[in-house]
Q: 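Have a look at this one.
Computed from heavy atoms alone, side chains included, the values below leave out hydrogens, waters and symmetry copies.
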There are 2 protein chains.
Amino acid sequence: MPLSTPDRSQVEPVIRRLNVLRPLSTEARTLLEYAMLEGVQRAGSGEDLISEGDAVDSVRLVLSGWLCRYKTLEDGRRQIVNFLFPGESCDAHAFLLSVMDHSIATMTPVIYTEIKRARFEGLVASDRTLAEAFWCETLVNSAIQREWAINLGRRVAFERVAHLFCEIVERLRPVGMVDGNSCVMPVTQMDLADATGLSVVHLNRTVQELRASGLIVLRDRTLTISDLDALKNAALFSPSYLQLYRRD
Amino acid sequence: MPLSTPDRSQVEPVIRRLNVLRPLSTEARTLLEYAMLEGVQRAGSGEDLISEGDAVDSVRLVLSGWLCRYKTLEDGRRQIVNFLFPGESCDAHAFLLSVMDHSIATMTPVIYTEIKRARFEGLVASDRTLAEAFWCETLVNSAIQREWAINLGRRVAFERVAHLFCEIVERLRPVGMVDGNSCVMPVTQMDLADATGLSVVHLNRTVQELRASGLIVLRDRTLTISDLDALKNAALFSPSYLQLYRRD
DNA sequence: GCGCACTGTTAACTTATTGAAATGCCGGAA
DNA sequence: TTCCGGCATTTCAATAAGTTAACAGTGCGC
């Protein structure tokens, strides 16, 4: 359903993020803003926006809320392979492949905008900075994916969960969703377990350890990081893969 | 060092792979072939072609040999996050980001071709099918990366190693490196351990288990898969993420 | 109010995986 | 040939993580 009151500010996270990745021309910004405002949609929590095996014919951009990419095995085991935060893009250019290799689900109520394939191709064809910004977006996504591989393969549970929290905070900060050293943590421990490759029980144990070590407070769906540097150290976290700052 | 005898057939794996991802126009094929033949290079086994933190200013395409992308933690723990096989591209468009988030190393002697950034940009600007093929290549790479995440996060050691072997065979097959049900396995068990997120000891045990169950023979750097369907079942392997066949 | 589902928490126990160390097997260098 | 280093293999004890199950808090529908 189209949103009743299109509001330019709601698409700002996307513009801002792309602009950090590649400075956008004024026209690019205007064109994109316009296209985004036309396709605004809402989804409830826990919905699949697209599923493994589905064909793709549009690009979705997240305006608010948390989503995840995930894959499942036949017997039900599930791995969240990435989160999607406001300003990020679900699947730029994914229509170049025949079908989705993974699913995308909302973890909170979500507002996103959908740009149909033809429209999107017109946009990126019309402006080089826009095309490059979207490519950067997918490249950063790949880099995050690689960091998740080393997280899952080589960090122990404690470091792994700490690393996830560090990453979440650093990805939420640029879109203004971090207040001091706190942010919302709207997902269940089962989701966190699926993101870190742990069992729910062991994830819970690990969260307790993080609490006991004084690094975090996690209560009432709010994560507070008492000492971010200490948490980063514990997690062996180094944020360069997130490409948070514009290169010169 | 440039290769003494440029030979059109040596760049064929790249052309063939891109052509599966997106049918290339005849001109595109010719242009790319020409550019590739100009930049042919060799590297020995165990060399870093590029390291985490390095700036990127060219695109490398693998003509022969095995490489890997890997990341390390400060204390030396290492995770191979992907392999690179003949026909594949190391870092198309990676120059859009400021620095490498990971390293690329050769695991065997390698022949590759290097196309400088400006040249590469000219190529993809001149032909739409070429640009799309390279984009597809990076998208498939992302899909593989996601499959590795579920492999590392949710498969147990036995399934994990089985899955890696399935993937290797399916990725080598299109470039003619699989002979019947056998292929070379030129890497050490330590490399396989780093790719599967296991310790060397446990990887060795797991390989023994795979042998004992009659699924594989691994000897003299040669992997023979006795019953591929059985191995795929054991691995919960489903090859669609590899995008091996051209979509219609 | 009551029951119910979902989530978080904890315990006890089992299993998977790691780590250190020793052994043997090559193949290459001297 | 001998020595040596890299690699595969095995053992054993130690530890990390999974499994099952129970229980408590919370919010929700009725």
Q: Need two values: the first and the last nucleotide of DNA chain C, 5' to 3', having an atom under 4.0 Å from any heavy-atom of chain B.
A: C:dT17 to C:dA20
Q: Side-chain donor-acceptor contacts of residues 177-186 of chain B below 3.5 Å, not counting sequence neighbours, with atom names and distances?
A:
| from | atom 1 | to | atom 2 | distance (Å) |
| --- | --- | --- | --- | --- |
| B:N181 | ND2 | B:I225 | O | 3.1 |
| B:S182 | OG | B:T224 | OG1 | 2.9 |

Q: Can you list, pair by pair, the side-chain donor-acceptor contacts under 3.5 Å of residues 49-62 of chain B, counting residues two or more places apart and other chains?
A:
| from | atom 1 | to | atom 2 | distance (Å) |
| --- | --- | --- | --- | --- |
| B:S51 | OG | B:D48 | OD2 | 3.4 |
| B:D54 | OD2 | B:S51 | N | 2.9 |
| B:S58 | OG | B:E114 | OE2 | 2.8 |

Q: Taking atom types as modelled and ignoring hydrogens, do the side chains of B:H163 and B:E147 form a donor-acceptor contact shorter than 3.5 angstrom?
A: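 Yes - a donor-acceptor pair under 3.5 Å links their side chains.
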Q: If you measure from CG on B:D101 to CD1 on A:I144, what distance do you get to the nearest 0.5 Å?
A: 10.0 Å
Q: Report the residues that fulfil side chain to side chain donor-acceptor pair (under 3.5 Å) with B:S142, sequence neighbours left out, ordered by chain and then residue number.
A: A:S142
Q: Side chain to side chain donor-acceptor pair (under 3.5 Å) with A:E88: which residues, sequence neighbours excluded?
A: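 So A:E88 forms a side chain to side chain donor-acceptor pair (under 3.5 Å) with A:R171.
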Q: Could you walk me through whether B:F83 and B:I168 pass the side chain to side chain contact (heavy atoms under 4.5 Å, CB included) test, one step at a time?
A: CA-CA 9 Å; B:F83 287 119; B:I168 288 173; 4.1 Å; yes
Q: Contact list please: residues 152-161 of chain A against DNA chain D, heavy atoms, distance less than 4.0 Å, in numerical order.
A: A:V156, A:A157
Q: Describe the nucleic acid contact of A:G197 in one word from base, sugar-phosphate, nothing, applying a heavy-atom distance below 4.0 Å.
A: sugar-phosphate
Q: Could you list the residues that satisfy side chain to side chain donor-acceptor pair (under 3.5 Å) with A:E209, not counting sequence neighbours?
A: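 Once residues adjacent in sequence are excluded, A:E209 has no partner under the side chain to side chain donor-acceptor pair (under 3.5 Å) criterion.
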Q: Listing request: all salt bridge (Lys or Arg N to Asp or Glu O under 4.0 Å) pairs with a residue in residues 220-242 of chain A, at least two apart in sequence or in separate chains.
A: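 Pairs touching residues 220-242 of chain A that pass the test: A:E170-A:K232.
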Q: CZ of B:R69 to CD1 of B:I104: how many Å apart, nearest 0.5 Å?
A: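 One gets 4.5 Å once the value is rounded to the nearest 0.5 Å.
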Q: Residues two or more places apart in sequence or in another chain: which of them pass side chain to side chain donor-acceptor pair (under 3.5 Å) with A:R205?
A: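 With neighbours one apart ignored, the set is A:H202.
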Q: For a stem of at least 3 consecutive Watson-Crick or G-U pairs with distances under 3.5 Å, i pairing with j, i+1 with j-1 and so on, which stems involve DNA chain D?
A: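 Paired runs of 3+ in DNA chain D: C:1-30 with D:1-30.
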Q: Provide the full list of side chain to side chain donor-acceptor pair (under 3.5 Å) pairs with a residue in residues 186-197 of chain A, sequence neighbours left out, each pair given once.
A: A:R78-A:D194, A:T188-A:D191, A:Q189-A:N204, A:D194-B:R154
Q: Can you check each nucleotide of nucleotides 6-11 of chain D against protein heavy atoms at under 4.0 Å and return B for base, S for sugar-phosphate only, - for none, in 5' to 3' order?
A: -SSSBB
